[in-house]
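What follows is a set of notes on a single structure, which appears directly below.
The analysis underlying the following values was restricted to heavy atoms, covering all of them including side chains, and did not include hydrogens, waters or symmetry mates.
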Amino acid sequence: MKEFKAESKRLLDMMINSIYTHKEIFLREIISNASDAIDKLYFKSLTDTSVGMNKDDFAINITLDKENRTITVADNGIGMNEEDLENNLGTIARSGSLAFKNDNELGEDVDIIGQFGVGFYSAFMVAKKVTVISKAYGSDTAFMWTSKGADGYSIAEAEKDTHGTTITLDIKDNADEENYDEYLTPYKIKALVKKYSDYIRYPIKMDVEHEKLKEGTGVDGKEPEYDKEIVTETLNSQIPIWKKAKNELKDEDYNQFYKDKFHDYTDPLLHVHSKTEGTATYSALLYIPEKAPFDYYSKNYEKGLQLYSSGVMIMEKCADLLPDYFSFVKGLVDSEDLSLNISREMLQHDRQLKIIAKAIEKSIKNELKKLQKNDREKYEKFFEAFGTQIKYGIYESYGMNKTDLQDLLMFKSSNGTATTLEEYVSRMKEEQKYIYFASGSSVSRIESLPQTELVRDKGFEILYLTDHVDEFCLQMIHDYDGKEYKSVSADDLGLETEEEKEEIKKEEEDNKDMFEFLTEKLGGKVKAVKLSQRLKNHPVCITSEGMLSVEMEKVLSAMPDAQGAKAEKVLEINPNHAIFGKLKTLFDTDKDKAGEYADLLYSQALLIEGMPIENPVEFANKLCEIMAQ
Ligand code: ADP
């Protein structure tokens, strides 16, 4: 019996006592070693004809023995001689991971296993004893390495006909907190191979027992009887779809793969398949789903792409590959430049991964632009599902991403169709200074807003903002191509002529006392009561001054942690409407009534905006009183 080297011993201790919840990765690690060993011999065979092996001759075999509680993984790869066994398994040079652990004093094994993967020793998470029988290619003698864990290991000569390595795990007994039995079921093993090792380049085979209907039974009223039959199944598909040439693949292939892999019932809206060489070498297969998953806009949704290193999955959801505003993208990246056992922490700083992430972001953007240009209907579907996320992306970055993202935005507009900002600007009239927008819960509501009258009258197009985040987003973008955004409810629309301005100013001067009185009567609910320059037919409307619009107030107050932010509201009255004359008369004859009218008008303006009124009962009663007069 030999002792493990100190570092190996520590790692091994960690494995044996591990409470790590994803112990199942042991199979991935062992299969990946087997695949590497085959790679080595396969590459040798390419230049050395004496090897006498073809690609098809290579395989990894898994055998389950439920009674004796063993899993055996055998490969016909390059194998190990005595010295290799000693060096490779007695001293595991996981210095990278251990150094990391020392530096950071991670107390828990959980972290290190999750972050690094741990190679061969991970077998000890599920096995009480590990036996490795190996015969190096070209050698006459086989050797056996055994270990029951921390005590040490022994190496002895053994019998083995062919080159390669056979690893047998004596699976631990079931414990309260851990079910090890499941690793002895074909069902679990198949699932693990599918999950982690589907694209290993060599067949992973296992003998599986099937039941076959005995001939002549189960028909003509005879009871069915079954024969047991052993079938050797290949558990992995071997060729990753993303490694195939594009012209070998049909849309159906891509869609089927998407549905299988990402558990969606609906075909994706779009797929992007790319192979890139250069500063980073990788293949990527990306999908944009047609609909947002049910939990997409919840905290539970996790973004990320699957990450493969040369066909071996190393991470189920690599979040660093996607910016938040493209978090809806599904897919995978396979790169030779990444090591199999790279940790989450190390990945975050990995230069290669950063390059890949940047390239992926760019390619998603380009594909979306292409779709927007070439298939508007599909793009609108996309934007319906995920547009909000992109708007959040702009908003949350305080507009820093705007150059990248603003051209992906679509808004409904008074033009009748959904429009991009670029299209809007291209239609702007010569004398038009601003990009106008109006907010509301639906297009029909917005269209009936009194505030839109004047802008529409001038023949200027209005963007209809129906999404909560819209106005916040536009505020962050600030301008498109130098054209600033302007709400139709903003205090200065920049539309009136000097003459009109003069006229209004004079009228306001003449009625200064009345407006001051009405403002006071409304008791701080509005900042001012004013003559409207924008109303044509409607009697009143509410507009706002400052950064926060009425619509934004509505959104903010609907939030769970609403802080009661209020827009600075202005009640505008149409000077050409009969109600204005009435107010003037009342102001002179019956001030109390004038005050009551102001209150009613304010409530009506709130209702038009879709805002709650403070006292609906009082409002209704007063209105009835007037109706009854
Ligand atoms: P890694 O694979 O990251 O180097 P492992 O702990 O998984 O680390 O394995 C240690 C070494 O043992 C491998 O590098 C390889 O040289 C050797 N080894 C493990 N499994 C096999 C195998 N099936 N055939 C040949 N060599 C193997």
Quick one: do the [X] and [Y] side chains pair a donor with an acceptor below 3.5 Å?
| X | Y | value |
| --- | --- | --- |
| Ser32 | Tyr196 | no |
| Asn574 | Ser532 | no |
| Arg427 | Thr419 | yes |
| Gln432 | Tyr434 | no |
| Glu551 | Ser439 | no |

Criterion side-chain hydrogen bond (donor to acceptor under 3.5 Å, both in side chains) on Tyr480 and Asp407, from CA distance to verdict:
CA-CA 10 Å; Tyr480 185 90; Asp407 282 321; 2.7 Å; yes
Which heavy atom of [X] sits nearest a heavy atom of [Y], and at what distance?
| X | Y | answer |
| --- | --- | --- |
| Arg376 | Thr420 | NH2-CG2, 3.8 Å |
| Lys483 | Ile435 | O-CD1, 3.7 Å |
| Ser549 | Glu471 | OG-OE2, 2.6 Å |
| Tyr464 | Arg456 | OH-NH1, 3.7 Å |
| Leu409 | Cys473 | CD1-SG, 4.2 Å |
| Ala598 | Leu522 | O-CD2, 3.8 Å |

For side-chain contact (heavy atoms from CB on, under 4.5 Å), just list the numbers for Tyr436 and Tyr424, CA-CA rounded to whole Å, side-chain angles, deciding distance to a tenth of an Å, and then say yes or no.
CA-CA 10 Å; Tyr436 290 102; Tyr424 179 103; 4.1 Å; yes
Please indicate whether Lys402 has more than 12 foreign heavy atoms, meaning atoms of other residues, nucleotides or ligands, lying under 6.0 Å from its NZ.
yes
Decide side-chain contact (heavy atoms from CB on, under 4.5 Å) for Glu614 and Leu606; before the verdict, give the C-alpha distance in whole Å, the side-chain angles of both, and the deciding distance to 0.1 Å.
CA-CA 10 Å; Glu614 269 163 41; Leu606 283 180; over 6 Å; no
Under 3.5 Å: donor-acceptor pair, side chain of [X], backbone of [Y]:
| X | Y | result |
| --- | --- | --- |
| Lys554 | Glu609 | yes |
| Asn401 | Asp404 | no |
| Arg534 | Val488 | yes |
| Asn236 | Ile200 | yes |
| Asp264 | Thr266 | yes |
| Ser309 | Glu336 | no |
| Lys303 | Leu322 | yes |
| Asp295 | Ser298 | no |
| His577 | Ile579 | yes |
| Asp375 | Lys378 | yes |

I'd like to know whether Tyr296 forms a side-chain hydrogen bond (donor to acceptor under 3.5 Å, both in side chains) with Ser327, so could you lay out the CA-CA distance, the side-chain angles of the two residues, the decisive distance to 0.1 Å, and finally the verdict.
CA-CA 9 Å; Tyr296 184 60; Ser327 61; 2.7 Å; yes
Distance in Å, Ile462 CD1 paired with Leu465 CG, rounded so as to fall on 0.5 Å steps:
10.5 Å
About how many Å separate OG of Ser487 and CG of Leu463, when rounded to the nearest 0.5 Å?
11.0 Å
Step by step, would you call Lys458 with Glu431 a salt bridge (charged side-chain N to carboxylate O under 4.0 Å, His left out)?
CA-CA 10 Å; Lys458 295 265 174 196; Glu431 72 274 23; over 6 Å; no
Start with the C-alpha gap between Tyr308 and Gln306, add the side-chain angles, then the distance that decides, and say whether side-chain hydrogen bond (donor to acceptor under 3.5 Å, both in side chains) holds.
CA-CA 7 Å; Tyr308 287 78; Gln306 288 193 341; 3.2 Å; yes
Assert yes or no for the condition that the ring centre distance of Phe382 to Tyr379 is strictly below 6.0 Å.
yes
CA sep, side-chain torsions, deciding dist, call: Gln451, Thr543, side-chain hydrogen bond (donor to acceptor under 3.5 Å, both in side chains):
CA-CA 8 Å; Gln451 291 93 325; Thr543 61; over 6 Å; no
Run the side-chain contact (heavy atoms from CB on, under 4.5 Å) test on Ile31 and Ser197 for me, step by step, so that the C-alpha distance in whole Å, both residues' side-chain angles and the decisive distance to 0.1 Å come before the verdict.
CA-CA 8 Å; Ile31 289 176; Ser197 314; 4.0 Å; yes
Non-neighbouring partners of Phe411 that pass ring-ring contact (aromatic ring centres under 6.0 Å, His included), sequence neighbours left out
none
Side-chain donor-acceptor pairs under 3.5 Å in residues 239-250, sequence neighbours left out?
| unit_1 | atom_1 | unit_2 | atom_2 | d |
| --- | --- | --- | --- | --- |
| Trp242 | NE1 | Asp334 | OD2 | 2.8 |
| Lys243 | NZ | Asp334 | OD2 | 3.4 |
| Lys246 | NZ | His273 | O | 3.0 |

Name the atoms and distances for all side-chain donor-acceptor pairs under 3.5 Å in residues 280-293, with sequence neighbours left out.
| unit_1 | atom_1 | unit_2 | atom_2 | d |
| --- | --- | --- | --- | --- |
| Tyr287 | OH | Tyr254 | O | 2.6 |

